[in-house]
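These figures come from a predicted structure and were not determined experimentally. Just so you know, ligand 1 is whichever comes first in the structure, and atom 1 is the first atom listed for that ligand.
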Amino acid sequence: MPTLLWLRTDLRTQNNPALNWAIAQNQPILAVYIAEDTERPRGGASNWWLHHSLQSLSQTIPLHFAAGKATEILPRLVQEYKIQNICWNRRYTASGIATDTHLKSHFKSQGLHIETFKANLLHEPWDIKTQSGTDFKVFTPFWRACLAQLTTGVTPGHGWAEASHYAGFGAPSLSPGLPSATKSTFINNPSSLALNHLNLLPKKNWSQNWPTLWHPGEAGAHHRLHDFLQTGLKGYAEGRNNPAQPHFSKLSPHLQWGEISPQQIWQATQASNAPENDKAKFLSEIGWREFSHHLLYHFPALASQNFKANFNAFPWATNPAHLRAWQRGLTGYPLVDAGMRELWQTGFIHNRVRMVVASFLIKHLQIDWRQGEAWFWDTLVDACPANNAASWQWVAGSGADAAPYFRIFNPIMQGQKFDPTGEYTRKWLPELAKLPQEYLFCPWQAPTLVLHAAGVTLGEIYPH
Ligand code: FAD
C-alpha cells in the first residue's frame, strides 16, 4: 500500500521529516505537489521561484503535479492508489491550517494513518509561551525563550538529529540528495500534470534574467549558505546594514520554499568559525522569522488587519500617481528609487532598504501599508505570508513590537549612512551615477553646474 507524501513549502530531500517518515514505511511513495486554489494567490515572483524549485526537486524525486483544491485532489488520489499512509510537514497560514485540519479528520474517519511534522520552523508557534502561559508580543523575550529551549534541547523535535551532521563537518553538503531511498521507491504517475501546465511562469519578460541571479532548489540553497558562511558571516553584525557589502545571506527565498531548513542553517552557523557576535546576530534574524510565524499563527489576519486596532481609523491617502511612482522607482528620492528598482529587476531588496522604502510609502506618502505589502507580495521572490505582513506592520507601527509610529526613516540620511560610497544607489540609478556623493541622495540640492556636469536634468532624466 503506497504512502502519499504531500509536499508544500518543504521542497527538499534532506532534513525533511515527512519525507523521511514516508521512506521509513518501506512502501512505494506517491509524492504530490498541488498548485492550490487559495484565498490569496501567490505573487508572480513567487510563482517563478516555485516553478524552478519544483523543476529542480523533480530531478531527484518523481513528483505528481496537480492544480486545484487539495480537498478534492487528495481524496481522488487516495482512492486511485489505495493509499493507507499520508504525511506532510505543517504550515501556518489560516487557510493552510483549515485545509489540513479538514483533510486530517476526513482521512482519519476513513481509517487512514496520517502523520504531520514540524519542518520549517525551529519551534512550533504554540510551543513558545511566556511564563504566564500567554503568547509573546515582544521579540526579545520571545527569542530568549526560544534560545533557552534550543540550548537546553527541551523540545527541538523532528529534524535536529539529521541536521546535526552539519555540526560535525562545519560545512554544508553541496550536493543534497535522497537520504536512503532510491528513485524506484517513488511512483511515476502517468496522470500527473506536466509542470508547465501549472502555469507558474510569468507571461511578461519581467523575470528573463533571473536565472543568472538566482538558483532555486535545494542545491542552490546549500551553495548560498556555503558562500555566505565563507564570505559573508564574518562581519555580519556590522555590515548587514550596508546594501553594497556581501554581509547578507539571500537565503530568504530558499527558506520560504523550504529548500533548506532553519535547523540546517542553525547547525552550519554554529559550526562555523566566524566571530560569536556575528553568529548570534545572524541567528537572531532567523529568530525574527520565527517571531513572524508566531504572530501569524496567533493573529491569522496579519496581512489584512492592523495588529493594533487603534490604527484602524488612520486616514490613509489615496493617490494612485504616488503609489505608481513608488512602485516604479520614480519618487525623486534616490535611495527609495534604487530599492524599488532593485526589487523590480531582481525580485529582492536588501533589508535596510526595505525598511526605508516601506517607511517612505507609509510615512511620507501616507499610503496604507497594505498597498505596499501587496506590491511586495507580487514582486518579491521571498514573499512570505508571515515575514512580509509582520515587517510591513513593524514599519507602520501597527504591529507587535513595532517601530513607534512617529519614527520616520530619513531617506537622505539613511543613504548617507548605509550607502556611504553610493555604490548601491549608483548601481540601480545609473542616470545619477556621475553625481558627487554629497548630492547623490538629495540631487535637488545640487547647484545647476554640478547637475549639468553629471548629465542630470531633474524633471527629465530623473524626477524632481
Ligand atoms: P539575512 O540577513 O541573511 O537573514 C537571514 C534570514 O533571516 C532571512 O533569509 C530571513 O529568513 C530571516 N530574516 C532576516 N531579517 C528578517 C526580518 N526582519 N523579519 C523576518 N525574518 C527575517 N522577509 C521575507 O523572507 N519575506 C518577505 O516577504 C519579507 N518582506 C519584508 C517586507 C518589509 C517591509 C521589510 C522591512 C522586511 C521584509 N522581510 C521579508 C524581512 C527581511 O527584509 C528579509 O528576510 C531579508 O532582507 C532577506 O534577506 P537575507 O536572506 O539576505 O537576510
Does any donor atom in the side chain of [X] or [Y] lie under 3.5 Å from an acceptor atom in the other side chain?
X: Tyr92; Y: Glu124; result: yes
X: Asn388; Y: Glu373; result: yes
X: Gln393; Y: Ser398; result: yes
X: Asp135; Y: Trp126; result: no
X: Thr13; Y: Glu218; result: yes

Would you mind running through ligand 1 and noting each atom that sits below 4.0 Å from a heavy atom of [X]?
X: Leu255; value: 9 (O), 11 (O)
X: Arg289; value: 11 (O), 20 (C), 21 (N)
X: Met355; value: 36 (C)

With a 4.0 Å cut-off on heavy atoms, is [X] in contact with ligand 1?
X: Phe282; result: yes
X: Arg240; result: no
X: Phe291; result: no

Looking at non-hydrogen atoms alone, which of [options] comes nearest to [atom]?
atom: atom 42 (C) of ligand 1; options: Ile265, Asn351, Asn387, Leu361; value: Asn351
atom: atom 31 (C) of ligand 1; options: Ile349, Asn388, Leu225, Asp382; value: Asn388
atom: atom 38 (C) of ligand 1; options: Ser284, Ser391, Ser249; value: Ser391

Closest protein heavy atom to [atom], given as residue, atom name and distance to 0.1 Å:
atom: atom 48 (C) of ligand 1; answer: Ser252 OG, 3.3 Å
atom: atom 1 (P) of ligand 1; answer: Tyr236 OH, 3.6 Å
atom: atom 50 (P) of ligand 1; answer: Lys250 N, 3.5 Å
atom: atom 15 (N) of ligand 1; answer: Glu285 OE1, 3.2 Å
atom: atom 29 (C) of ligand 1; answer: Arg354 NH1, 3.3 Å
atom: atom 6 (C) of ligand 1; answer: Ile286 CD1, 3.7 Å

For this session: Classify the angle between the aromatic ring planes of Phe139 and Phe142 as parallel (below 30°), tilted (30 to 60°) or perpendicular (above 60°).
Result: tilted
Side chain, backbone, both or neither: which part of [X] has a heavy atom under 4.0 Å from ligand 1?
X: Phe376; result: side chain
X: Cys384; result: both
X: Phe348; result: side chain
X: Leu380; result: side chain

Exercise. At what distance, to the nearest 0.5 angstrom, does CZ of Arg240 lie from CZ of Phe248?
Worked result: 11.5 Å
Exercise. Can you check whether Trp394 and Phe307 have ring centres sitting under 6.0 Å from each other?
Worked result: no
Exercise. Which is it for Trp49 and Trp210 under the ring-ring contact (aromatic ring centres under 6.0 Å, His included) test, yes or no, and what are the steps along the way?
Worked result: CA-CA 9 Å; Trp49 191 282; Trp210 289 3; 8.9 Å; no
Exercise. CD of Glu238: more than 12 outside heavy atoms within 6.0 angstrom?
Worked result: no
Exercise. Got Cys384 and His293 here, is their nearest side-chain heavy-atom distance under 4.5 Å?
Worked result: yes
Problem set entry | By salt bridge (charged side-chain N to carboxylate O under 4.0 Å, His left out) - contacts of Asp100 (at least two apart) | Arg8, Arg91
Exercise. Under 3.5 Å between some N or O of ligand 1 and some N or O of Trp288?
Worked result: no
